[in-house]
Amino acid sequence: MSDLRKILREQRAQAALTRDQVGAAVGLSGASIASFEQGRMIPQPDTARLLDELFKTGEKVRRAVNEAREDSRPPWLRPWTDHEQRATLLRWWEPLLMPGLLQIEEYARAVLRGGWVVDDAVDRTIQVRHDRQAATVNRPVPPALTAIIGEFALMCAPPEIGREQLKHLLEISHRPRVQVLVVPRSAGLHGGLQGAFVLASLPARGRAGYVDDQLRGRVVTDGGDLDQLEVSWEIVAGLALPVQPSIDLIAKAINDHD
């Protein structure tokens with residue numbers, strides 16, 4: 001990350017441009033340029049290309065951006081994000097929170113700060129989350145995604161943040177390759193309440209799983225463990241409301257946040 005910060009600061013100084021001027025040249029705010037120079041955010045590929053063109057640096061900024069993006073991912077997360085990007089289908093169960101790939105930034109920040117995470121770590125985590133979203137659900141041809149969410153997750157957020165998060169969830173649920181289902185509270189106690197997990201269907205019949213805890217995530221590749229996650233998926237899928245009633249429940253939760 002330090003090389004990218006240094007490159008951006010030096011190139012801007014050599015060009016005798018303010019942050020606002022650089023931002024205007026690449027379609028961003030001066031505050032965004034400051035975030036890049038301070039290491040709180042990493043430019044997206046199109047922005048890196050525009051910066052190279054502005055500073056006439058060939059591919060220097062793009063190479064530094066790629067290195068910074070790789071360095072920003074915790075080592076334990078890298079195997080999973082590789083699976084995530086290769087997946088043809090992602091099946092995500094979350095009993096208490098919104099799935100990470102479907103979180104808006106304000107919601108993700110509220111969750112992280114609720115865990116007493118320091119600001120720098122919050123910024124790094126948000127950047128990684130944004131990169132994962134760009135490489136999966138927001139890419140031109142995304143993997144198919146089925147997200148099953150516990151009803152509690154629809155209500156557990158400050159009203160303003162919760163309302164915007166649910167509007168985003170409703171919008172993304174109408175995308176062609178996304179299906180969002182809700183397990184109602186009336187389902188009672190069930191095996192899925194033991195924790196969140198994700199199943200990835202990979203090319204050539206491959207598969208992988210991911211489970212999270214209070215410290216870090218764990219990639220699951222053992223066949224027996226994956227079979228157990230498949231059973232857990234069948235449990236929550238069987239308890240979930242159909243598509244339209246799930247969408248109706250999300251819409252009702254938006255009104256309840258008003």
Side-chain angles (χ1 to χ4, degrees), residues 1-9 19 23 26 28-45 47-48 51 64-82 84-85 90 92 94-139 147 149-150 152-169 171-172 195-198 210-219 257:
M1 184 76 78
S2 58
D3 287 345
L4 175 61
R5 291 198 296 258
K6 182 178 179 182
I7 288 168
L8 294 177
R9 289 170 177 167
R19 288 170 172 168
V26 299
L28 296 173
S29 66
S32 293
I33 303 303
S35 294
F36 298 154
E37 292 183 356
Q38 294 163 4
R40 293 187 290 109
M41 292 177 58
I42 301 174
Q44 291 300 305
T47 300
L51 289 168
V65 162
N66 289 338
E67 292 173 2
R69 181 162 285 114
E70 184 66 24
D71 290 343
S72 68
R73 294 187 299 166
W76 54 264
L77 183 62
R78 293 173 191 173
W80 174 248
T81 55
D82 292 340
E84 210 171 47
Q85 293 172 26
L90 292 169
W92 197 314
E94 278 284 358
L96 302 176
L97 297 171
M98 294 292 156
L101 293 182
L102 306 184
Q103 291 180 9
I104 61 172
E105 181 174 329
E106 294 80 4
Y107 180 93
R109 286 186 181 278
V111 172
L112 292 167
R113 285 174 175 156
W116 295 1
V117 179
V118 298
D119 286 347
D120 285 350
V122 169
D123 289 334
R124 289 195 300 272
T125 302
I126 294 296
Q127 179 65 59
V128 172
R129 183 78 50 83
H130 187 274
D131 292 340
R132 290 172 60 197
Q133 291 170 341
T136 52
V137 293
N138 291 333
R139 74 187 190 210
I149 304 167
F152 179 82
L154 303 182
M155 306 306 300
C156 189
E160 189 63 34
I161 293 175
R163 185 164 52 249
E164 293 308 309
Q165 172 63 66
L166 290 173
K167 287 180 180 178
H168 175 70
L169 184 65
E171 180 275 323
I172 207 168
F197 63 89
V198 190
Y210 181 80
V211 293
D212 219 340
D213 62 26
Q214 289 286 335
L215 299 176
R216 59 184 57 86
R218 176 170 63 90
V219 176
H257 276 289

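Nothing fancy with the numbering, it's 1 onward along the sequence. It should be emphasised that the depicted structure is a prediction, and the values quoted were computed from it without experimental measurement.
Taking Q165 as the reference, nothing meets the side-chain hydrogen bond (donor to acceptor under 3.5 Å, both in side chains) condition, with sequence neighbours excluded. Under the side-chain contact (heavy atoms from CB on, under 4.5 Å) criterion, A134 pairs with Q44, not counting sequence neighbours. For the side-chain hydrogen bond (donor to acceptor under 3.5 Å, both in side chains) test, no residue two or more places apart in sequence or in another chain qualifies with D119. By the side-chain hydrogen bond (donor to acceptor under 3.5 Å, both in side chains) test, S35 pairs with R40, sequence neighbours left out. In this structure, the salt bridge (Lys or Arg N to Asp or Glu O under 4.0 Å) partners of R132, at least two apart in sequence or on a different chain, are E84. Applying the side-chain contact (heavy atoms from CB on, under 4.5 Å) rule to V111 yields the partners L97, Y107; only residues at least two apart in sequence or on another chain are considered. In this view, E106 satisfies the salt bridge (Lys or Arg N to Asp or Glu O under 4.0 Å) rule with no residue, not counting sequence neighbours. Checked against side-chain hydrogen bond (donor to acceptor under 3.5 Å, both in side chains), E164 has no partners two or more places apart in sequence or in another chain. Looking at residues two or more places apart in sequence or on another chain, you find a side-chain contact (heavy atoms from CB on, under 4.5 Å) between N138 and Q133, R175. For D82, the salt bridge (Lys or Arg N to Asp or Glu O under 4.0 Å) test picks out R73, with sequence neighbours left out. Applying the ring-ring contact (aromatic ring centres under 6.0 Å, His included) test to W92 and every residue at least two apart in sequence or in another chain returns nothing. Under the side-chain contact (heavy atoms from CB on, under 4.5 Å) criterion, A34 pairs with R19, Q38, not counting sequence neighbours.
When all heavy atoms of G162 and A157 are compared, the closest pair comes out as CA-CB, 3.7 Å. Minimum heavy-atom separation, A48 to P43: N-CB, 4.2 Å. Closest of all the heavy-atom pairs between L169 and L102 is CD1-CD1, 3.8 Å. A pairwise comparison of heavy atoms in G100 and R129 identifies O-CD, 3.2 Å as the closest pair.
Side-chain N or O atoms of R139 include one that pairs as donor or acceptor with a backbone N or O of A135 at under 3.5 Å. Side-chain atoms of R9 come within 3.5 Å of backbone N or O of E37 as a donor-acceptor pair.
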**Request:** Start with the C-alpha gap between D123 and Q127, add the side-chain angles, then the distance that decides, and say whether side chain to side chain donor-acceptor pair (under 3.5 Å) holds.
**Result:** CA-CA 6 Å; D123 289 334; Q127 179 65 59; over 6 Å; no
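Using a 4.5 Å heavy-atom threshold, the side chains of T81 and D131 count as separate. Side-chain contact between I126 and R109: present, with at least one pair of heavy atoms (C-beta onward) separated by less than 4.5 Å. Between M98 and L166, some side-chain heavy-atom pair lies under the 4.5 Å cut-off. The closest side-chain heavy-atom distance from P45 to V65 is not below 4.5 Å. Residues T125 and V117 fail the side-chain proximity criterion, which asks for heavy atoms closer than 4.5 Å. The closest side-chain heavy-atom distance from E67 to L4 is not below 4.5 Å. In this structure, the side chains of F36 and I7 stay at 4.5 Å or more apart for every pair of heavy atoms.
Taking CD of E94 as the reference point, atom CG of L101 lies at 10.0 Å (rounded to 0.5 Å).
Within 6.0 Å of NE2 on H168 lie more than 12 heavy atoms contributed by other residues, nucleotides or ligands.
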